[in-house]
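Keep in mind that the numbers below use all heavy atoms, side chains included, and drop hydrogens, waters and symmetry copies. Within every chain, numbering begins at 1; the chains are lettered A, B, ... in the order of the sequence lines, protein sequences first and strands thereafter.
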2 protein chains.
Amino acid sequence: MKGQKTDRRVKYTKMVLRESLVKLLKQKPISKITIKEICEEADINRATFYTHYSDQYDLLRQTETGLLSDINEYLAGYSFSDKDGSESIQILEKIFEYIKENADLCSVLLSDTGDISFQQEVMKIVQNQCISEWTKKSVNKELAEYIYSFAVTGSVGVVHKWLKEGMKQSARELAEMVINLTNRGISAFV
Amino acid sequence: MKGQKTDRRVKYTKMVLRESLVKLLKQKPISKITIKEICEEADINRATFYTHYSDQYDLLRQTETGLLSDINEYLAGYSFSDKDGSESIQILEKIFEYIKENADLCSVLLSDTGDISFQQEVMKIVQNQCISEWTKKSVNKELAEYIYSFAVTGSVGVVHKWLKEGMKQSARELAEMVINLTNRGISAFV
DNA sequence: AAATTTATTCAACACATTGTCTATTATCTC
DNA sequence: GAGATAATAGACAATGTGTTGAATAAATTT
């Protein structure tokens, strides 16, 4: 996976910079956070920042893609059975489980102020495989893609709400809700 | 509605600044746009900018809320019948019609890089009334709110895609799709 | 049409952040 | 321990920021 093992100093630098960013993101939006501020909080020289990142947004983006690969790694640790067609729900459950376990970081990156295209990446992990399933069900491709957009962004909305309200439901419950809403909409609940 | 009619000069200033912002937003994200740049493009003195807005983000936000009240005004010009329970679809159709007619501005404000909480405001116009309907249908309030989140953000996703791909479908078709997905999910199409 | 009010402009200002650079120091890897 | 590499300290010009006061231009009011 990795080209070569990274220097411990680099690891440390990147870690504290990420932590510093997350801490600041809890207080204000990325647009109000300066590089100077991040470095002071992390106690890292500003010149060092520039050897790793071009600006705050770059650091944020790299933090996001880091989370994404963490989730993928987490999922790789499980095997999912597709015997009863419940593979999607199992993957979703694991994703929500991961989010719950890493709520500190996730609630920042997946909040309202966070950037939506990243959040959709997270949900796409699951739903990517579904689109081929749906097209099988005699739905034309274009329509399938609209359904896909609706389901993916809709799921993001559900996760937002879940995080904001303290993750009262279990990962399993939320996964079931999302699958039900996607497959049968409101009619699944009345 | 208005306290007093605004000075024509103020009207002009705000207009060109908005136009300038929109023009720049087509080229790069708000985070890379400076106040200096907006003012040069609009040929407005920077000091004048500060008499109306605190920063780029303020200008953007005011542009967004302007669009929002425009839509509301547009909707106020029509009366919707709720005889057959098709009020939602009629309102949605009009909203999509408005977006289509003002695609230049809307495609910028409703794009991926745009801010999601605003986009949800647009969709909330319709769905706000639905939540009370759903709770009537023996769905508990907490669940209804999750459905609401799913439907509202899901709709935003559909509109994104629609705009990005050149608005091939009619406003009516899109409205039907959103309502169907909300009510019956994928099962509405198979 | 003149008087008055108000918005905009202009130029200047102190201030903060930015991005880059060089010499020096600290720490890691082998 | 030796050599390589990363981080630091400090300085730098460049740029954007936010505010000010006086001059100008354009609106509204009478």
Short side-chain N/O contact from B:His52 to OP1 or OP2 of C:dA7, under 4.0 Å: no
Toward the 5' end of DNA chain C, by each residue's nearest nucleotide, B:Thr13 or B:Arg46: B:Thr13
side-chain N/O A:Arg8 vs C:dT29 OP1/OP2, d < 4.0 Å: yes
Side-chain (A:Ser187) to main-chain (B:Arg184) donor-acceptor, under 3.5 angstrom: no
Boundaries of the chain A footprint along DNA chain D (any atom under 4.0 Å from a heavy atom): D:dT5 to D:dA9
Whole angstrom value for the distance that separates P of C:dG19 from CG of A:Asp55: 7 Å
Value rounded to 0.5 Å, distance of CE in A:Met15 from CZ in A:Arg8: 13.0 Å
base_contact_polar (C:dT8 base, B:Arg9 side chain, donor-acceptor, <3.5 Å): no
Spacing of A:Gln169 atom CD and A:Lys161 atom NZ [to the nearest 0.5 Å]: 8.5 Å
B:Ala103 to B:Ser107 - nearest heavy-atom pair and separation: O-OG, 2.6 Å
Result of checking B:Leu110, B:Leu60, B:Thr63 against B:Phe118 for side chain to side chain contact (heavy atoms under 4.5 Å, CB included): B:Leu110
CA sep, side-chain torsions, deciding dist, call: A:Tyr78, A:Tyr74, ring-ring contact (aromatic ring centres under 6.0 Å, His included): CA-CA 8 Å; A:Tyr78 299 91; A:Tyr74 182 80; 5.5 Å; yes
Closest approach of B:Lys14 to B:Tyr53 (non-hydrogen atoms, all atoms of both residues): CG-OH, 3.4 Å
Under 3.5 Å: donor-acceptor pair, side chain of B:Glu97, backbone of B:Ser170: no
Between C:dG19 (P) and A:Tyr53 (OH): distance, integer Å: 16 Å
Members of residues 27-45 of chain B that approach DNA chain C, where some heavy atom sits under 4.0 Å away: B:Asp43, B:Ile44, B:Asn45
Pairing pattern in dot-bracket form [Watson-Crick, G-U; both distances under 3.5 Å; | = partner strand] for DNA chain C: ||||||||||||.|||||.|||||||||||
Main-chain N/O of B:Ser111 paired to B:Gln119 side chain as donor or acceptor, under 3.5 Å: yes
Closest heavy-atom pair and its distance - B:Leu17, B:Leu59: O-CD2, 3.8 Å
Test item: B:Gln56 side-chain N/O and B:Ile33 main-chain N/O as donor-acceptor pair under 3.5 Å: yes
